[in-house]
Amino acid sequence: MYGLWKPRVLGAWKVPAAGPVILAVNHSHNIDGPMVMGVAPRPTHFLIKKEAFVGPLDPFLLGIGQVKVDRQSADRTAITQALDILAAGGVLGIFPEGTRGEGDFASLRAGLAYFAVRSGAPIVPVAVLGSSGRSSRLTKALPPLRSRVDVVFGDPFEAGDGSGRRTRKALDEATERIQKQLAAHLDHARRLTGR
């Protein structure tokens with residue numbers, strides 16, 4: 001990432017040095033996940049759609065510990081792998097909107113709340129800014145080479161209400177709390193970076 005672009009990383013010290021952590025990353029461009037993997041202070045295992053695991057990318061992504069997920073169903077294998085990563089004290093990266101979009105955390109899927117409430121792992125919001133907007137002259141799928149991309153890590157927070165409940169209602173309430181925290185972090189990151 002540092003060879004192709006100019007990442008500016010802010011707040012990486014906020015990621016707990018040990019124990020399970022979930023990085024909740026906004027997703028507006030193809031490079032957001034690789035950028036966070038490249039600059040995060042700890043190795044990160046992302047939930048990645050199975051469609052990305054094609055050709056030589058399949059063994060590569062699996063080899064670096066990424067989790068293949070089928071978004072069309074409740075993928076029990078991916079859920080188990082993700083919970084095992086957290087149980088072992090690892091870092092799980094999630095795009096809580098479920099797919100690439102505006103990257104504004106406006107519509108969250110329930111997966112992030114499920115993993116946070118089930119594992120008890122704190123969530124660290126991550127805003128990637130500057131990866132979308134302009135395209136490289138070489139390939140439209142990438143931002144211009146050597147352009148600045150800001151990665152802003154936020155303060156860790158707990159998703160649950162402390163009750164330990166894992167009901168549908170508890171997950172809906174957790175999703176609402178998470179959405180507010182992530183939106184506030186994104187606003188802060190935009191002010192901080194001027195983007």
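Predicted, not measured: the structure shown is a model, and the values here were computed from it. Computed over heavy atoms, backbone and side chain alike; hydrogens, waters and symmetry mates excluded.
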Please round to the nearest 0.5 Å and tell me the distance separating atom [atom1] of [X] and atom [atom2] of [Y].
X	Y	atom1	atom2	value
I123	D155	CD1	CG	13.0 Å
L112	L182	CG	CG	6.5 Å
L192	L10	CG	CG	5.5 Å
K50	D70	NZ	CG	4.0 Å
E176	Q179	CD	CD	8.5 Å
M37	I31	CE	CD1	11.5 Å

**Asked** Any ion pair linking D58 and K68 (charged N to carboxylate O, less than 4.0 Å)?
**Response** yes
**Message:** For F46, run the side-chain contact (heavy atoms from CB on, under 4.5 Å) check against L92, V67, V36 and tell me which one passes.
**Reply:** V36
**Item:** Pairing residues for D172 by the side chain to side chain donor-acceptor pair (under 3.5 Å) criterion, not counting sequence neighbours
**Value:** R168
**Prompt:** Going by side-chain heavy atoms closer than 4.5 Å, which hydrophobic residues are tied to W13, directly or by a chain of links?
**Reply:** none
Does one hydrophobic cluster hold both [X] and [Y], with members joined at side-chain heavy-atom distances below 4.5 Å?
X	Y	value
V126	V152	no
V39	L23	yes
I22	I85	yes

**Request:** Determine, stepwise, if the pair F95 / L47 fulfils side-chain contact (heavy atoms from CB on, under 4.5 Å).
**Result:** CA-CA 8 Å; F95 299 114; L47 289 174; over 6 Å; no
Quick one: closest heavy-atom pair of [X] and [Y], and the distance?
X	Y	result
P122	P20	CD-O, 3.2 Å
G90	L86	O-CD2, 3.8 Å
F115	L83	CD2-CD2, 3.7 Å
F153	A40	CZ-CA, 3.9 Å
L61	A52	CD1-O, 4.0 Å
P59	P56	CD-O, 3.3 Å

**Request:** Assess whether atom CD of Q72 is packed by more than 12 heavy atoms of other residues, nucleotides or ligands within 6.0 Å.
**Result:** no
**Message:** Quick test of your reading: applying salt bridge (charged side-chain N to carboxylate O under 4.0 Å, His left out), list the pairs with at least one residue in residues 18-30, sequence neighbours left out, ordered by first then second residue.
**Reply:** none
**Candidate pair W5 and M35, rule side-chain contact (heavy atoms from CB on, under 4.5 Å), full reasoning** = CA-CA 9 Å; W5 295 281; M35 183 63 70; 4.1 Å; yes
**Message:** So V124 and P16, do their side chains get closer than 4.5 Å, heavy atoms only?
**Reply:** yes
